[in-house]
Amino acid sequence: MSTDTRIDFIREIINEDQKTSKYKGRVHTRFPPEPNGYLHIGHAKSICLNYGIAKAYGGKFNLRFDDTNPETEEQEYVDSIINDVKWLGGDFEDRLFFGSDYFEQMYQWALDLIKKGKAFVCDLNADQIRESRGTLTEPGKESPFRNRTIEENLDLFQRMRKGEFPNGSRTLRAKIDMASRNINLRDPVMYRIVHAHHHRQGDNWPIYPTYDWAHGLEDSIEGITHSICTLEFENHRPLYDWYLDALGVYHPQQIEFARLNLGYTVLSKRKLLQLVEGKHVSGWDDPRMPTVVGYRRRGYTPESIQVFCDKIGVSKKESIIDVSMLEWSIRDDLNKRAQRAMAVLKPLKVILTNYPEGKTEQLQAVNNPEDENAGTRAIPFGRELYIEQDDFREIPPPKYFRLSPGTEVRLRYAYIITCEKVIKDSAGNITELHCTYDPGTKSGSSTAGRKVKSTIHWVSAPDAVSAQVRLYDRLFLKEDPDDVDEGKDFLSNLNPNSLEVLPDCKLEPMLGNANPGDRFQFERMGYFCADTKDSKPGAPVFNRIVTLKDTWAKIEQRGKEK
RNA sequence: UGGGGUGUAGCCAAGUGGUAAGGCAUCGGCCUUUGGAGCCGACAUUCCCAGGUUCGAAUCCUGGCACCCCAGCCA
């Protein structure tokens, strides 16, 4: 995945481990999602990192569901996550695992810890545990149940497993140190009683392991060498190590890196869920969502996301990545491989008054100037055309090189035209342009010497395919959506114009046959993708993936700011 | 007021005692039948701050400051 020679701090650690043969030359990573939501671009970073490392070192990469909480997890999420990981290129081969498949082994290990006097059954309820845990500055108090005999603990824990006790009535706790400065080490809970249906285990288990207890064991069982996770688990690493050492089992190394933050969007499951449930977007796969399904539907390629993840690097510094990085990644990818096409998004009718009525021509257009092998195609041309409304100004501002009364412009792959007359309706709206064309300026003919300031795109009116096109913009108005006034939440920063639906765009004929998922560059407008849900050959619907870099828009913006 | 982390350009990010890589963004110029792409150039006398060590410090030492994480039977 990575073609870069840059070495991040994680690879440095691995290089050192390889040198000392710590894991006998093995490198084995994993991506351990909890199936309680859809994957987003932050997860993509983790997948690319873990898979990229495994691949670079000739190692292995596992997909493992960390499904230890039956109350939030669902099969629907399992399916979508598997699909997304594969789409992103994370190849776990036959290594698809579930933490819940190790429940019996974990249970046996818990029994071991009890026998070693390192775990005990505690009858305190959640509130009581919280009260006795102490605070950041004060040590906690030991549970009155801490010194039960091994026999009693064994008996009680076995009965917990049999389902004899109600939810929350008891827990199994590790016996570590209630005075530890690290709160995670103050006799943490290993098992809680939850009588709930598990998406894979059904009703087999009335007790469920906590993350800290389960995670290292899962890594150990799978022979993971480097267990890469995000920064908030740094405080948990001593506990990760303690469990594995107490058990005396194979011990992977946990390494933490800073999670991804992207400007103008949110990447927390809770907030993403809020957007969906509050109907602020059409669903998890709304093309404005930073989810993997969202980007996929928007038209992003997996390669562009891989490149993006590679470019942003890996470190322990919390940061907010500029969205222009992501946009650059998809433009760079699609520039090289997207088929070009002409599409008029906001049509303005043009009549070439000196072009013979009834005549049509087939003009040759290049499919991709960046790729000679992409070939050419024919586009019909005639007397009645559509051009972009933005490509005409009755009163042209400074530096405006496009059409205006009396000026000329080149029609891409066709002729040079001159605007002779502006037709308006009774309300004063421009409805039509009367232009003349110069038959001697056909594209490809020797028109050297004739300089035209700009070239605009067009579509033959009688041949045009009508289509809906959706223009997407950033979902939030602020780079940090959580930057809000007192009493408001991130939803108040939602961009009301993040979606603009254009109902009647005019496309060149070839576009009418687009298959769902096909990507094109609409010349001068941006990259577009035929929607995978709503588009059909014959009745296309396009999503704008990203605009082209637009120098004119910048000039105009600057003019407005003055 | 405990513990664990992090501070290099607008945003990322290399740099590991020898004189601040690279990318994105931005700004110029060239080129252009996409105001796209491409090409060329500019863009940190300085690395959170203050002292110290050294011939030499972003790198080492001391002392500050700022921000993030931790008091779920979530992950």
Side-chain angles (χ1 to χ4, degrees), chain A residues 4 6-8 12 32-34 36 66-69 71-72 122 124-127 129-131 133-140 167-173 180-186 188-194 207-208 210-212 214-215 229-238 256 258 263 269 308 310-329 331-332 335-336 340 342 366 369-370 399-402 409-414 416 441 443-444 447 452-457 479 521-526 547-555:
Chain A
D4 215 300
R6 184 186 61 232
I7 295 295
D8 56 66
E12 258 171 38
E34 184 189 11
N36 69 348
D66 201 1
D67 53 351
T68 56
N69 184 354
E71 294 177 308
T72 60
C122 182
L124 260 27
N125 64 33
D127 287 341
I129 287 184
R130 188 181 321 117
E131 281 159 23
R133 187 157 25 228
T135 68
L136 295 177
T137 52
E138 300 163 289
N167 286 354
S169 59
R170 283 180 230 259
T171 56
L172 182 72
R173 293 224 259 166
S180 173
R181 306 220 244 201
N182 182 340
I183 292 183
N184 294 308
L185 262 22
R186 319 241 260 230
V189 171
M190 295 165 62
Y191 277 95
R192 70 272 207 187
I193 298 173
V194 182
I207 56 173
Y208 287 88
T210 55
Y211 168 86
D212 286 311
H215 204 87
C229 61
T230 45
L231 248 31
E232 66 269 29
F233 293 106
E234 215 156 16
N235 297 324
H236 295 242
R237 191 173 61 232
E256 312 85 13
K269 279 183 188 172
F308 169 73
D310 196 48
K311 290 253 174 215
I312 59 178
V314 184
S315 74
K316 299 189 73 155
K317 183 173 133 192
E318 307 229 26
S319 59
I320 301 175
I321 305 291
D322 198 319
V323 280
S324 66
M325 286 258 207
L326 221 207
E327 294 180 346
W328 176 85
S329 301
R331 282 196 193 106
D332 187 59
N335 175 48
K336 292 169 192 148
R340 311 288 128 123
M342 292 209 281
V366 173
E370 308 294 320
K399 292 186 184 170
Y400 185 82
F401 302 145
R402 284 114 94 153
V409 87
R410 161 141 242 135
L411 293 181
R412 172 135 247 226
Y413 299 121
I416 293 173
T441 58
S443 183
T447 53
V452 182
K453 273 277 194 183
S454 81
T455 298
I456 64 171
H457 58 99
E479 181 170 43
Q521 183 197 97
F522 291 177
E523 295 211 25
R524 305 204 309 132
M525 303 308 288
T547 62
L548 248 33
K549 233 174 87 182
D550 189 345
T551 311
W552 166 246
K554 211 176 290 172
I555 293 170

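Just so it is clear, the values below take in all heavy atoms, side chains as well, and ignore hydrogens, waters and symmetry mates. Quantities reported herein were computed from a predicted structural model and do not represent experimental measurements.
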Within the structure, does a side-chain N or O atom of [X] lie under 4.0 Å from either OP1 or OP2 of [N]?
{"X": "A/Ser315", "N": "B/A13", "result": "yes"}
{"X": "A/Lys317", "N": "B/A13", "result": "yes"}
{"X": "A/Arg130", "N": "B/G72", "result": "yes"}
{"X": "A/Lys316", "N": "B/C69", "result": "no"}
{"X": "A/Arg192", "N": "B/C74", "result": "yes"}
{"X": "A/Thr68", "N": "B/A75", "result": "yes"}
{"X": "A/Arg133", "N": "B/C73", "result": "yes"}

Can you tell me which nucleotide in [options] comes closest to the side chain of [X]?
{"X": "A/Glu34", "options": "B/A75, B/G35, B/G2", "value": "B/A75"}
{"X": "A/Glu234", "options": "B/G5, B/A75, B/G35", "value": "B/G5"}
{"X": "A/Thr137", "options": "B/C27, B/G2, B/A75", "value": "B/G2"}
{"X": "A/Thr551", "options": "B/A75, B/U33, B/G36", "value": "B/G36"}
{"X": "A/Trp328", "options": "B/G5, B/C24, B/G35", "value": "B/C24"}
{"X": "A/Glu318", "options": "B/C68, B/G35, B/A75", "value": "B/C68"}
{"X": "A/Arg181", "options": "B/U33, B/G2, B/G5", "value": "B/G2"}
{"X": "A/Glu12", "options": "B/U26, B/U16, B/A13", "value": "B/U16"}
{"X": "A/Ser324", "options": "B/G35, B/A75, B/C24", "value": "B/C24"}
{"X": "A/Lys399", "options": "B/A75, B/G35, B/G36", "value": "B/G35"}

Please determine, for [N], whether a Watson-Crick or G-U wobble partner exists with both distances under 3.5 Å, and give it or none.
{"N": "B/C67", "result": "B/G5"}
{"N": "B/G72", "result": "none"}
{"N": "B/U53", "result": "none"}
{"N": "B/U59", "result": "none"}
{"N": "B/U33", "result": "none"}

Roughly how many Å apart are [M] and [N], using the [atom1] atom of each and rounding to a whole number?
{"N": "B/C24", "M": "B/C39", "atom1": "P", "value": "10 Å"}
{"N": "B/C43", "M": "B/G28", "atom1": "C1'", "value": "11 Å"}
{"N": "B/C68", "M": "B/U62", "atom1": "C1'", "value": "25 Å"}
{"N": "B/C65", "M": "B/A20", "atom1": "C1'", "value": "24 Å"}
{"N": "B/C30", "M": "B/G56", "atom1": "P", "value": "48 Å"}
{"N": "B/C47", "M": "B/G5", "atom1": "P", "value": "25 Å"}
{"N": "B/A14", "M": "B/A57", "atom1": "P", "value": "24 Å"}
{"N": "B/G4", "M": "B/A71", "atom1": "C1'", "value": "14 Å"}

What about [X], does its side chain sit under 3.5 Å from the base of [N] through a donor-acceptor pair?
{"X": "A/Arg524", "N": "B/U34", "answer": "no"}
{"X": "A/Ser443", "N": "B/U33", "answer": "yes"}
{"X": "A/Asn235", "N": "B/G5", "answer": "no"}
{"X": "A/Glu370", "N": "B/G36", "answer": "yes"}
{"X": "A/Arg402", "N": "B/G35", "answer": "yes"}

Answer with base, sugar-phosphate or nothing: what part of the nucleic acid does [X] contact at a heavy-atom distance below 4.0 Å?
{"X": "A/Asn36", "result": "nothing"}
{"X": "A/Glu256", "result": "nothing"}
{"X": "A/His236", "result": "base"}
{"X": "A/Leu124", "result": "base"}
{"X": "A/Leu136", "result": "base"}
{"X": "A/Pro32", "result": "nothing"}
{"X": "A/Phe308", "result": "nothing"}
{"X": "A/Asp66", "result": "sugar-phosphate"}
{"X": "A/Thr171", "result": "base"}
{"X": "A/Phe233", "result": "base"}
{"X": "A/Thr210", "result": "sugar-phosphate"}

Kindly say whether [Y] contributes a backbone atom to a donor-acceptor pair with the side chain of [X] at under 3.5 angstrom?
{"X": "A/Thr171", "Y": "A/Arg173", "answer": "no"}
{"X": "A/Arg186", "Y": "A/Ser180", "answer": "yes"}
{"X": "A/Tyr413", "Y": "A/Val366", "answer": "yes"}
{"X": "A/Arg340", "Y": "A/Glu523", "answer": "no"}

Margin query: Quick check on RNA chain B: between A/Thr72 and A/Glu232, whose nearest nucleotide comes earlier from the 5' end?
Written below: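 With A/Thr72 and A/Glu232 compared, the 5'-side residue is A/Glu232.
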Original post:
Considering heavy-atom distances to RNA chain B, does A/Ile320 or A/Tyr413 have its closest nucleotide positioned more toward the 5' end?
Top reply: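 Whichever sits nearer the 5' end wins; that is A/Ile320.
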Notebook entry, point to check: With side chains defined as the heavy atoms from C-beta onward, is the minimum distance between A/Thr68 and A/Tyr208 less than 4.5 Å?
Noted result: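 Sidechains of A/Tyr208 and A/Thr68: no contact.
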### Task
Taking the side chain as every heavy atom from C-beta outward, state whether A/Thr547 and A/Arg331 have any atom pair closer than 4.5 Å.
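Result yes, sub-4.5 Å side-chain heavy-atom pair found.
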Fill in: Heavy-atom closest contact (A/Gly263 atom, A/Val323 atom, distance)
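Heavy atoms of A/Gly263 and A/Val323 come nearest at O-CG1, 3.1 Å.
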Base of B/A75 and ring of A/Tyr211 stacked, centres under 5.5 Å, planes under 30°
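So no, this residue does not stack on that base, at least one cut-off failing.
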- Message: Apply the syn/anti split at 90° from 0 to B/G38 and say which one it is.
- Response: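 The base of B/G38 is oriented anti (glycosidic angle more than 90° from 0).
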side-chain hydrogen bond (donor to acceptor under 3.5 Å, both in side chains) for A/Asn184 and A/Asn182? Distances and angles first, verdict last.
CA-CA 5 Å; A/Asn184 294 308; A/Asn182 182 340; 3.2 Å; yes
- Message: Please tell me whether A/Thr210 and A/Asp212 have a donor and an acceptor in their side chains that are separated by less than 3.5 angstrom.
- Response: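 No.
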